[in-house]
Amino acid sequence: MRRTLHHLCLIGVFVSLFNGLQGAEKSRISPYEVDDFAVASGKIDDLVFGSLRKAGLTPARPCSDEVFVRRVFLDVLGMLPEAGEARAFLQDKRSDKRMVLIDSLLARDEYVDYWSMKWCDLLRVKSEFPINLWPNAVQAYERWIRDALGSNMPYDRMARELLTSSGSNFRVPQVNFFRAVQGRGPQPVSDAVALTFMGSRIEKWPEDRRRGIESLFSRLKYKPTAEWKEEVVCLDPAPTGPLETILPDGRKVKVSPGDDPRVAFANWLMEPGNRWFSRAAVNRTWAWVFGRGIVHEADDIRVDNPPCVAGLLEYLEKEFVENGYDQKKLLRLILSSRVYQLSPVPSCDDPRAEAMFASYPVRRLEAEVLQDALCQLTGTVEGYDSPIPEPFTRIPASARSVNLADASITSSFLEMFGRSQRDSGMLMERNNRVSSAQRLYLLNSSQIQSKIERSWRLKTLVRDHRGGVADLVSAIWMEVLSRSPLPEELRAVVAEGIPSKSGNKEMIDDLVWALINSKEFLYRH
Amino acid sequence: MNPIISDQGISRREWLKLGVYGAAGMAAAHAGVTPSVIKKPAKSVIQIWMWGGPSHLDTFDPKPDAGRDYIGPFTKPLATNVDGMRIGEMLPSLAKQADKYSIIQSMTHGNNGHETAAYIVQTGRQPDRLSWPGLGAIVSSFKGYDNGYKGLIPPYVVLTTTQGRFSECGFLGPKYKPFATGGDPAQTRFAVEGVVSEGISDERQRRRRDLLHRIDTLGRAMPAELHFHELDKCEDQAYELILGDSRKIFDLSQEKDDLRDRYGRNTFGQSCLMARRLVEQGVPYVTINYKGWDTHKQHFETMRRQLPVLDAGFATLLQDLSDRGLLESTVVWWGGEFGRTPKILWEAPWNGGRGHFGNCFCSVLAGGGFTGGHVVGASDSTGSNVVERPVHPNDLLGSICERMGIDPEGPLPNPLGQDLKVMPGGMPGFEGGKGRLKEIM
């Protein structure tokens with residue numbers, strides 16, 4: 001009886017809401033944009049908008065605050081804003097609130113979690129086949145990467161440590177850079193070096209340059225120790241004489257016996273005026289934010305693959321070097337641009353527009369981010385463990401999926417949604433395309449259904465909004481999509497709101513189901 | 001002795017004796033043409049993947065004279081319905097089906113690690129810089145949606161969970177990953193993940209899909225967005241499965257009780273039945289991921305428990321495929337990533353266990369144009385070394401490709417844009433083999 005009353009009351013509120021909304025609706029633009037023109041406010045904007053103008057293209061409108069708060073949480077932290085966080089930002093009246101938010105997010109630990117995941121893809125952190133780092137070394141290597149990002153280690157120092165360290169894979173984590181390749185010869189090692197630090201694919205180099213870089217990494221030795229799976233990476237103690245070879249730019253170099261040829265390479269890589277190093281870094285950071293590089297693909301930089309926006313790489317490189325290779329400052333510079341803060345809704349349908357960053361490109365959430373978002377919303381956890389190989393790896397249930405150090409830990413969800421295999425370090429190893437299998441899973445799997453049905457967060461929301469259904473629906477909208485529903489969206493829910501026999505919990509579950517299956521939830525936008 | 005086939009292949013007389021190809025086969029044999037030229041290509045592959053590595057000595061390469069330290073309690077191999085062909089004593093039903101399959105007793109790759117060996121056996125490659133696709137993904141690429149397959153059931157299905165540590169699709173990408181059914185076909189209702197959901201009526205499915213469309217605000221704001229078109233297409237395909245007729249294929253209650261009993265009322269047996277139903281519908285590649293063969297400890301107790309399950313499911317599958325005229329067009333491939341150490345570890349903590357053994361093991365091939373009733377190659381008296389006709393994984397996989405009408409020496413289209421071949425013979429690390437299995441093709 002009580003339940004029936006509750007239902008009647010529910011319908012009543014919906015109906016009055018429905019009536020109140022009729023006629024009140026004005027013609028308006030989408031909730032994703034601001035009714036304004038995008039105006040340049042910095043050098044990035046000048047360059048991008050300038051090149052668009054030259055091509056006769058119009059940039060999208062600026063994005064709305066609702067879009068911005070969700071976007072910047074996802075891009076910096078790899079997670080959704082809590083409803084309270086989104087609400088606080090939307091109610092904030094300060095004119096510089098977007099910069100304030102960017103700075104506060106860059107200072108959070110979740111930034112380190114999420115960007116470590118990207119770096120672990122790049123640096124191939126994986127215990128098993130075909131990388132075979134083994135769990136102890138995975139833990140050490142990943143911890144070093146996290147610490148480097150956590151302390152905002154300058155990128156040149158980070159690169160030099162990875163390129164020139166020697167010692168045990170357990171005690172000097174950086175040496176795992178040379179173990180995280182398929183094979184032990186100079187060829188796979190120099191492949192990884194060129195890909196990671198020059199954004200370049202060595203198979204496209206002329207033969208003599210390839211031989212040159214390989215010879216610089218030809219004196220590495222890998223020695224086992226008495227400890228299980230420990231390995232010491234060091235220089236061959238018996239060099240035969242001076243090493244005369246060529247650097248990637250064709251210049252000759254001579255390394256004396258006893259000197260480390262890797263140091264000669266690192267010196268060349270980081271010498272002032274060598275664009276390879278900083279260009280690859282800024283292009284990759286840009287690609288991590290926008291889904292595509294200024295040179296695309298971001299790890300295939302070469303003369304015959306020109307940048308999509310002239311002058312932009314040069315500007316970012318200059319800023320990056322002048323700021324002492326500060327990675328957070330680089331990210332902050334990009335995020336604070338008007339280009340980053342454009343709406344996803346394009347203003348022109350020219351096919352060139354997307355590659356020139358005329359609007360914010362929509363992309364499906366990465367596997368780990370999607371899993372974490374589903375857990376966050378529903379208040380559920382995913383457990384991961386790895387019974388082989390020894391030593392066993394157990395991950396606390398509270399850990400986020402983006403925190404998984406080891407790409408060898410089995411998860412059918414993460415595999416289905418295209419997490420990086422970390423076999424080669426190429427950016428394309430992460431696959432954010434959709435597939436029918438993913439769609440079946442999200443629309444109709446028992447896992448998703450039970451996450452929604454079990455959700456204590458949802459139950460709490462229902463409990464806290466017994467008074468008004470409109471409030472409850474708005475609260476759910478804010479939780480899932482970080483914004484309030486539009487009048488027409490409320491109406492759509494009203495039309496669906498006929499209580500079924502099994503009660504209104506089912507109706508609420510279905511609303512949540514529909515929202516997490518919406519494009520707005522599944523795609524960063 | 002086993003009827004080991006000579007390097008030159010089968011003589012004309014043997015072809016006539018086999019008589020399995022009817023008049024056309026005999027005519028071909030008379031004319032000196034290799035019979036495989038006139039066989040129709042197979043349409044499907046059922047892979048029974050024995051995850052963990054099954055013991056070759058206790059299954060398809062018995063060594064009754066090797067002594068207790070090698071064979072333990074299994075001293076009496078069974079004669080089969082093919083003269084001179086014997087198999088392990090725990091496989092009586094399979095002994096009656098030996099005319100339908102051939103045993104390769106000389107498989108070798110030498111690797112004893114699960115992940116690497118599983119990769120080698122299913123990709124036919126030694127590890128190198130690339131992450132190669134397994135056979136299922138290759139078949140899915142050549143016989144799937146890119147090449148005219150129209151079924152709603154994905155072209156590459158695995159019963160019931162994926163292998164995890166082995167990336168089935170490799171560099172071909174997730175489009176070619178298998179569809180893992182989840183669920184358990186031995187349950188009253190086979191809850192195929194994403195297709196069959198418990199407790200959600202069709203009416204509720206339709207209602208909530210309608211709601212999903214009503215609140216598609218971002219989609220309506222960006223009607224030209226190609227990512228969204230792709231998502232919409234996937235949604236349509238998903239609902240054709242969720243609400244359409246194809247899902248009935250997963251309803252095993254449509255099969256006769258008697259047949260279901262013969263397959264075995266267990267996950268493996270009902271998976272075999274499910275595999276038959278899938279190939280009947282034209283699904284080109286089905287893997288049954290059969291776990292539990294990594295028997296380091298108390299091996300023989302496990303064999304006594306598991307081999308009868310294997311025997312019933314596998315033998316009934318062969319008989320059933322044959323009864324329905326599907327065996328000719330369906331390759332059945334049985335095997336794991338390696339065999340197990342011939343010498344038994346009697347001491348604690350193994351208490352009669354067998355370790356990993358990649359030096360010499362066996363695989364079984366049936367149907368799809370492979371001749372039954374033959375043994376290819378041979379191992380030594382204890383099953384420790386290959387003594388005749390070593391067969392490398394790429395020879396076996398290349399042979400299946402060839403029977404599926406996929407040229408192993410032909411180009412493998414790939415998103416890397418590289419010039420790669422499907423499954424060529426004589427690759428690095430596989431020197432010294434005698435190539436594809438012409439003698440049973």
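Order of the sequence lines sets the chain letters (A, B, ...), proteins ahead of strands, with each chain counted from 1. Note: hydrogens, waters and symmetry copies are ignored here, and every other heavy atom, side chains too, is used.
Rounded to the nearest 0.5 Å, atoms CD (Gln421(A)) and SG (Cys169(B)) are 6.5 Å apart. Separating the CE atom in Met426(A) from the CZ atom in Phe171(B) is a distance of 12.0 Å, to the nearest 0.5 Å. Here the CE-CG distance, from Met507(A) to Leu211(B), works out to 9.5 Å after rounding to the nearest 0.5 Å.
For chain A, the nearby part of Gln237(B) is the side chain; its heavy atoms alone come within less than 4.5 Å. Phe417(A) does not touch chain B: none of its heavy atoms, backbone or side chain, sits under 4.5 Å away. The contact between Gln449(A) and chain B is made entirely by side chain atoms (from C-beta outward), counting heavy-atom distances below 4.5 Å. Using a 4.5 Å cut-off between heavy atoms, Ala224(B) does not touch chain A at all. Interface remark: Leu515(A) contributes backbone and side-chain atoms alike to the contact with chain B (heavy atom separation under 4.5 Å). Neither the backbone nor the side chain of Asp349(A) comes within contact range of chain B; no heavy atoms are under 4.5 Å apart. If you measure heavy-atom distances from Ser435(A) to chain B, the contacts under 4.5 Å come from the backbone alone.
Closest approach of Val434(A) to Cys234(B), counting heavy atoms only: CG2-SG, 3.9 Å. Minimum interatomic distance between Pro344(A) and Met222(B) (heavy atoms only, all atoms of both residues): O-CE, 3.0 Å. The two residues Phe179(B) and Leu440(A) make their nearest non-hydrogen contact at CE1-CD1, 3.8 Å.
With respect to Glu235(B), the side chain to side chain contact (heavy atoms under 4.5 Å, CB included) criterion is satisfied by exactly one of Asn517(A), Leu443(A), Leu442(A): Leu443(A). Each of Ser30(A), Ser518(A), Pro31(A), Pro485(A) was compared with Thr217(B) under the side chain to side chain contact (heavy atoms under 4.5 Å, CB included) criterion, and only Pro31(A) meets it.
With chain A as the partner, the residue from Leu231(B), Val196(B), Val195(B), Thr161(B) showing the most heavy-atom pairs under 4.5 Å is Leu231(B). Your options are Asn132(A), Asn431(A), Leu522(A), Val362(A), and the one with the most heavy-atom pairs under 4.5 Å with chain B is Val362(A). Of the listed residues (Gln447(A), Met416(A), His525(A)), the greatest number of heavy-atom pairs within a distance under 4.5 Å of chain B belongs to Gln447(A). When the candidates Ser446(A), Ala437(A), Gly418(A) are compared by the number of heavy-atom contacts under 4.5 Å with chain B, Ser446(A) comes out ahead. For the options Asp236(B), Ile215(B), Val192(B), heavy-atom pairs under 4.5 Å to chain A are most numerous at Ile215(B).
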(message) If you apply the rule salt bridge (Lys or Arg N to Asp or Glu O under 4.0 Å), what do you find for Asp232(B) with Lys519(A), and how did you get there?
(response) CA-CA 10 Å; Asp232(B) 289 338; Lys519(A) 289 161 188 151; 2.9 Å; yes
(request) Apply salt bridge (Lys or Arg N to Asp or Glu O under 4.0 Å) to Arg207(B) and Glu506(A), showing your working. (result) CA-CA 12 Å; Arg207(B) 200 175 61 226; Glu506(A) 183 176 299; 3.2 Å; yes
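For the residue pair Gln205(B)/Asn444(A), the side-chain donor-acceptor check at 3.5 Å is satisfied.
No more than 12 heavy-atom neighbours from other residues, nucleotides or ligands sit within 6.0 angstrom of NZ on Lys421(B). Within a 6.0 Å radius of CG in Asp202(B), other residues, nucleotides and ligands contribute more than 12 heavy atoms.
Residues Arg433(A) and Glu230(B) have side chains in contact (heavy-atom distance under 4.5 Å, counting atoms from C-beta outward).
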